[in-house]
Engineer: 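The structure under discussion is supplied below as structure tokens; questions concerning it will follow.
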Amino acid sequence: RNQGLGSWPARRARSTPDSIATVHRGRTRTYGELCGRVHALANGLHGRGLGRGDRIAYLGPNHPALLETLFAAGVLGAVFVPLNTRLATDELAFVLDESGAGVLVHDRRHTDTARALRERFPRLKLVAVADDAALADGFEALIAAAPAEPRDEPVAAEDTALILYTSGTTGRPKGARISHGNAVWNALNVVVDVDLTSTEVTLLNAPLFHSATLGMTCLPTLLKGGTVVLAETFDVEATFDLIEQRRITLAFGVPTMFDALSRSPRWSEADLSSLRFLLCGGAPVPEELIRRYSERGLAFMQGYGMTEASPGVLLLSAADSTDRIGYAGKPAFFSDVRLERTDGTVPAVGEPGEVLVAGPNVVDGYWRRPAETADSFTEDGWFRSGDVATVDEDGFHRIVDRIKDMFVSGGENVYPAEVEAVLHEHSAVADAAVVGVPDPTWGEVGKAVVVVHPGGRADTTELGEFLAERLGKYKVPRSIGLVDELPRGATGKVDKAALRREHT
Ligand code: ATP
Ligand code: MG
């Protein structure tokens with residue numbers, strides 16, 4: 001019996017065959033159709049020698065084919081490996097090599113990259129996604145040629161469903177080994193905490209190869225039998241069009257996406273009446289953004305998580321979002337969080353400690369990384385997030401920063417995220433990052449790197465005074481540099497290691 005993700009299309013086709021599962025570029029497919037395609041694809045891939053435990057990689061932007069490949073892998077008991085399209089060919093080669101993928105399903109725009117990768121791994125089979133059954137070796141041809149008869153391979157909750165690579169913010173990306181059970185329990189957390197229904201129409205315009213988009217919106221919507229509307233990239237105009245035309249009920253994004261929407265000329269006129277949930281993750285939502293949305297009658301739910309938790313860990317409800325600015329919330333229903341000081345003890349209320357996470361959504365390790373797995377879990381199975389947080393009397397958590405970004409200046413801990421948040425309060429600041437750099441007197445001191453809004457006015461002396469009025473002296477960066485752009489990694493996070501290299 002298939003107890004994993006691969007069984008979802010057939011289960012949905014059994015209960016709600018005529019509901020719309022996916023919408024992409026105006027084409028809709030029902031759960032009945034999704035089920036037929038997924039089983040044909042599974043049969044086609046099986047015919048090419050793929051089966052239980054084999055890794056099936058996918059390279060491309062949001063597209064129904066990505067979801068069909070994920071489910072087809074689940075039908076076979078194979079492992080789905082979504083690749084980040086922003087990685088360079090060498091980085092992709094590393095992931096393909098480590099995961100040992102036998103097939104690469106790729107978008108047509110990535111044909112050259114796919115061919116370059118096959119030169120390095122001659123055994124790699126390529127399948128090109130194009131809406132064209134005539135394309136030999138193509139995704140549609142594979143589906144058209146194979147029987148849609150359901151396959152029923154035994155798949156257990158403990159079997160690996162996905163290898164999802166972390167963002168690589170603190171080092172080489174690690175493949176989180178997400179089991180079917182992990183993904184299902186995370187989806188259940190979201191259904192329970194966000195209160196999803198079968199009438200959800202969810203906009204997917206952030207990349208599905210990130211655990212946040214896949215785990216916090218896509219899979220929970222499909223579990224409930226709602227509709228996912230796929231957009232290949234985030235575009236302000238297209239987002240307003242889709243919200244209005246498709247009557248989107250749930251939108252997910254990072255703060256910069258919601259910020260861009262609210263700065264558009266269409267913001268005040270757009271019909272946003274269908275939106276029930278705005279889910280925002282990856283960083284705290286700035287107060288100003290919360291205010292702009294609440295003027296339009298909209299409130300954010302905020303989330304904190306990580307790839308290793310499939311990914312939901314903390315959630316702040318829409319009601320709490322307006323009262324508890326800067327908080328990340330309370331643990332997801334089936335998950336638990338505890339804080340630990342460096343000496344292993346529990347910090348007092350309001351005092352910082354590392355976030356440890358446990359629950360049925362938390363992976364049991366990384367793919368082929370025994371040393372990193374051993375370092376990241378306590379003996380009793382709690383995952384060490386590497387993030388520092390505080391918790392208040394009511395159980396609300398606030399993420400302080402990453403342990404690796406923290407530095408010590410004159411014996412005092414400085415959390416760059418706190419300084420960055422103050423810089424963001426300055427109206428001229430578009431982007432900012434702070435790193436610790438060596439200093440003969442203080443051990444380390446802060447160095448701020450700031451991007452000013454186009455047309456904004458700020459000089460470094462004034463920014464320094466702005467910070468000095470709001471922060472303790474040891475937290476105020478000793479120097480501030482203005483730049484056009486911050487260095488970012490493949491998932492859009494600021495590359496602090498690169499900044500430290502550049503500025504020391
Ligand atoms: P790597 O583990 O490879 O260094 P990464 O940790 O950035 O990269 P992800 O799993 O994509 O990879 O990101 C999870 C991290 O993102 C968390 O550990 C945390 O540092 C940060 N994060 C996520 N949500 C929030 C939030 N709401 N507020 C602050 N930080 C957040
Ligand atoms: Mg991490």
Side-chain angles (χ1 to χ4, degrees), residues 82 84 86-87 91 94-95 98 162-178 182 186 206-216 252-256 258 279-286 289-290 300-317 320-321 324-332 335 337 352 354-357 361-363 365-367 369 372-373 375-377 383-390 396-406 415-418 420-421 424 433 488-498:
N84 186 329
R86 295 194 194 105
L87 293 179
E91 296 170 304
F94 165 76
V95 173
E98 188 179 79
L162 296 125
I163 301 173
L164 207 52
Y165 276 80
T166 60
S167 294
T169 311
T170 58
R172 223 166 33 145
K174 306 169 286 276
R177 205 169 52 209
I178 297 180
N182 292 152
N186 176 75
L208 279 166
F209 49 75
H210 284 332
S211 59
T213 318
L214 187 68
M216 296 311 287
F252 164 83
V254 292
T256 49
F258 288 110
L279 210 60
C280 196
V285 184
L289 202 54
I290 292 177
F300 290 101
M301 297 189 84
Q302 298 187 52
Y304 157 85
M306 72 262 332
T307 312
E308 295 90 337
S310 316
V313 176
L314 296 169
L315 203 73
L316 191 69
S317 72
D320 292 328
S321 254
R324 297 191 183 253
I325 309 277
Y327 280 81
K330 293 186 172 186
S335 308
V337 167
E354 183 180 7
V355 178
L356 271 55
V357 190
N361 56 314
V362 179
V363 301
Y366 297 111
W367 179 260
R369 297 279 185 91
E372 274 132 318
T373 298
D375 284 349
S376 305
F377 292 85
F383 173 67
R384 296 189 172 281
S385 70
D387 296 318
V388 181
T390 58
F396 287 94
H397 294 72
R398 187 190 259 282
I399 304 301
V400 177
D401 210 339
R402 291 180 186 258
I403 293 173
K404 286 195 175 165
D405 288 341
M406 193 191 100
Y415 297 103
E418 185 188 3
E420 289 158 7
H424 275 283
R488 286 181 187 278
T491 67
K493 291 182 182 178
V494 175
D495 187 345
K496 295 251 169 135

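Indexing begins at 1, ligand by ligand and atom by atom, following the structure's order. Computation of the quantities below employed the complete heavy-atom set of this structure, encompassing side-chain atoms and omitting hydrogens, waters and symmetry-equivalent molecules.
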Engineer: Taking the six-membered ring for Trp, is the centroid-to-centroid distance between Phe209 and Tyr165 below 6.0 Å?
Structural biologist: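 Not close enough - the centres of the two rings lie 6.0 Å or further apart.
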Engineer: Quick one: does any side-chain atom of Asp387 pair with a main-chain N or O of Val355 as donor and acceptor, under 3.5 Å?
Structural biologist: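 Looks like no, no N/O pair under 3.5 Å.
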Engineer: Would a distance-only check, ignoring hydrogens and angles, find a side-chain to backbone donor-acceptor pair under 3.5 Å from Gln302 to Val285?
Structural biologist: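 Answer holds: yes.
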Engineer: Nearest to atom 31 (C) of ligand 1, what protein heavy atom do you find, and at what distance?
Structural biologist: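 The answer is Gly282 O, 3.3 Å.
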Engineer: Hey, is the main chain of Ala417 close enough, under 3.5 Å, to the side chain of Asp401 for a donor-acceptor pair?
Structural biologist: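 It does hold such a pair.
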Engineer: Just which atoms of ligand 1 are under 4.0 Å from any heavy atom in Lys174?
Structural biologist: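 Near Lys174, the atoms of ligand 1 are 1 (P), 2 (O), 3 (O).
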Engineer: Looking only at protein heavy atoms, which one is nearest to atom 23 (C) of ligand 1, and how far off is it?
Structural biologist: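 Its nearest protein heavy-atom neighbour is Gly305 O, 3.3 Å.
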Engineer: Within a distance under 4.0 Å of any heavy atom of Met306, pick out the atoms of ligand 1 and give their elements.
Structural biologist: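 Under 4.0 Å from Met306, ligand 1 has these atoms: 10 (O), 14 (C).
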Engineer: Minimum heavy-atom separation for Ala328 to Tyr304, with atom names?
Structural biologist: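 The pair with the smallest heavy-atom distance is CB-CB, 3.9 Å.
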Engineer: Report, in ascending order of atom number, the atoms of ligand 1 lying under 4.0 Å from any heavy atom of Thr307.
Structural biologist: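 Counting from 1, the qualifying ligand atoms are 9 (P), 10 (O), 11 (O).
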Engineer: May I ask you to decide whether Arg369 forms a salt bridge with Glu308, counting only side-chain N to carboxylate O separations under 4.0 Å?
Structural biologist: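 Answer for the salt bridge query: no.
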Engineer: Among protein heavy atoms, which sits nearest to atom 7 (O) of ligand 1, and what does the distance come to when rounded to 0.1 Å?
Structural biologist: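 Heavy-atom neighbour on the protein nearest atom 7 (O) of ligand 1: Thr169 OG1, 2.5 Å.
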Engineer: Taking atom 6 (O) of ligand 1 as the point of reference, which of Lys493, Arg402, Lys404 owns the nearest heavy atom?
Structural biologist: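 Among Lys493, Arg402, Lys404, the closest heavy atom to atom 6 (O) of ligand 1 belongs to Arg402.
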Engineer: Strictly under 4.0 Å, does any heavy atom of Gly303 approach an atom of ligand 1?
Structural biologist: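 Contact check Gly303 vs ligand 1: positive.
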Engineer: Donor-acceptor pair, distance only, cut-off 3.5 Å: does the side chain of Thr373 make one with the backbone of Tyr366?
Structural biologist: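 Checking the backbone N and O of Tyr366 against the side chain of Thr373, a donor-acceptor pair under 3.5 Å is found.
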Engineer: Determine whether any heavy atom of Ala283 lies closer than 4.0 Å to an atom of ligand 1.
Structural biologist: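 Within the 4.0 Å threshold, so yes.
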Engineer: Show the nearest heavy-atom pair for residues Ser310 and Asn361, with the distance to one decimal.
Structural biologist: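 Result for this residue pair: OG-O, 2.7 Å.
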Engineer: Under a 4.5 Å cut-off applied to non-hydrogen side-chain atoms, are Met306 and Thr166 in contact?
Structural biologist: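 Sidechains of Thr166 and Met306: no contact.
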Engineer: Nearest to atom 11 (O) of ligand 1, what protein heavy atom do you find, and at what distance?
Structural biologist: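 Checked against all protein heavy atoms, atom 11 (O) of ligand 1 sits closest to Ser167 OG, 2.7 Å.
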Engineer: Is there a donor-acceptor contact under 3.5 Å linking the side chains of Asp405 and Tyr415?
Structural biologist: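 Distance-only check fails for Asp405 and Tyr415.
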Engineer: Under 4.0 Å, heavy-atom basis, I'd like to know which part of Ala328 is in contact with ligand 1: side chain, backbone, both or neither.
Structural biologist: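 Within the 4.0 Å criterion, Ala328 makes no contact with ligand 1.
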Engineer: At under 4.0 Å between heavy atoms, is it the side chain or the backbone of Gln302 that contacts ligand 1, or both, or neither?
Structural biologist: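 Looking at Gln302 and ligand 1, no heavy atom falls under 4.0 Å.
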Engineer: How far is atom 19 (C) of ligand 1 from its nearest protein heavy atom, and which residue and atom is that?
Structural biologist: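 Ranking protein heavy atoms by distance from atom 19 (C) of ligand 1, first comes Asp387 OD2, 3.2 Å.
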Engineer: Would you mind checking which non-hydrogen protein atom is closest to atom 4 (O) of ligand 1, with the distance to 0.1 Å?
Structural biologist: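 Heavy-atom neighbour on the protein nearest atom 4 (O) of ligand 1: Thr170 OG1, 2.5 Å.
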Engineer: Under 3.5 Å, N or O to N or O, is Pro173 touching ligand 1 that way?
Structural biologist: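 In this structure, Pro173 places no N or O atom under 3.5 Å from an N or O of ligand 1.
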